Amino acid sequence: MASSKKTKSSSSSSSSSSSRSSRSSGSKWGLNKVSFWLLCAAAIIYLIGLILSACGVNAMVVQALSNIAAAAMICIVAILAWRYVKPKPAIWKVLYFVVLLVIIAGLIVPLVVG
């Protein structure tokens with residue numbers, strides 16, 4: 001009887017792990033896949049900025065490319081952070097929005113002032 005329980009639980013865990021692996025290997029665009037491809041795109045943008053900087057292109061253009069890559073990555077991180085903060089008390093949500101405003105200001109103000 002104990003051996004039948006053991007095989008039953010192991011078969012259910014193997015079926016749940018196989019269903020998890022089939023979901024994750026599908027073509028569905030989950031946050032993990034978007035994060036990976038965004039990281040690749042940001043690396044390409046930074047590489048283009050590096051090449052343009054070495055060629056003597058206007059520093060404003062290179063800075064704008066860098067800020068676009070950073071802003072896209074911040075969007076993904078902000079989504080993950082919101083998932084963490086959402087069930088927390090209101091003070092966490094206030095802190096979240098204050099931090100986002102500081103980050104946005106840090107990206108936009110140098111472009112406007114410079």
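Values below: every heavy atom of this structure, side chains too, minus hydrogens, waters and symmetry copies. The structure presented is a predicted model; accordingly, all values stated were derived computationally and were not measured.
Minimum interatomic distance between Tyr96 and Ala78 (heavy atoms only, all atoms of both residues): OH-O, 2.9 Å. In this structure, Leu38 and Ala72 approach most closely via the heavy-atom pair CD2-O, 3.1 Å.
Rounded to the nearest 0.5 Å, atoms CG (Leu52) and CD (Gln63) are 13.0 Å apart. Note: Leu65 CG to Leu47 CG = 11.0 Å, rounded to the nearest 0.5 Å. Interatomic distance, CD1 of Ile45 versus CE of Met73, reported as 8.5 Å (0.5 Å rounding). Taking CG from Leu101 and CD1 from Ile108, the interatomic distance works out to 10.0 Å, rounded to the nearest 0.5 Å. The distance from the CD1 atom of Ile104 to the CZ atom of Phe97 is 10.0 Å, given to the nearest 0.5 Å. Summarising the geometry, atom OG belonging to Ser53 is positioned 13.5 Å from atom CD1 belonging to Ile48; distances are rounded to the nearest 0.5 Å.
When the side chains of ILVMFWY residues are joined at heavy-atom separations under 4.5 Å, either directly or via intervening members, Ile103 and Leu95 end up in a single hydrophobic cluster. Under the 4.5 Å side-chain heavy-atom criterion for ILVMFWY residues, a single connected hydrophobic cluster contains both Leu80 and Phe36. Transitive grouping of hydrophobic side chains (ILVMFWY, heavy atoms separated by less than 4.5 Å) keeps Val77 and Leu31 in distinct clusters. One hydrophobic cluster, built from ILVMFWY side chains closer than 4.5 Å, holds both Val34 and Leu39. Hydrophobic clustering of Ile, Leu, Val, Met, Phe, Trp and Tyr side chains at less than 4.5 Å, counting indirect connections, unites Ile44 with Val57.
With hydrogens and angles ignored, the 3.5 Å screen pairs a side-chain donor or acceptor of Lys93 with a backbone N or O of Lys86. For the pair Ser66 (side chain) and Val62 (backbone), a donor-acceptor distance under 3.5 Å is absent.
Few gaps surround CH2 on Trp82; more than 12 heavy atoms of other groups in view lie less than 6.0 Å from it. Residue-environment remark: CG (Asn32) stays at or below the threshold of 12 foreign heavy atoms within 6.0 Å.
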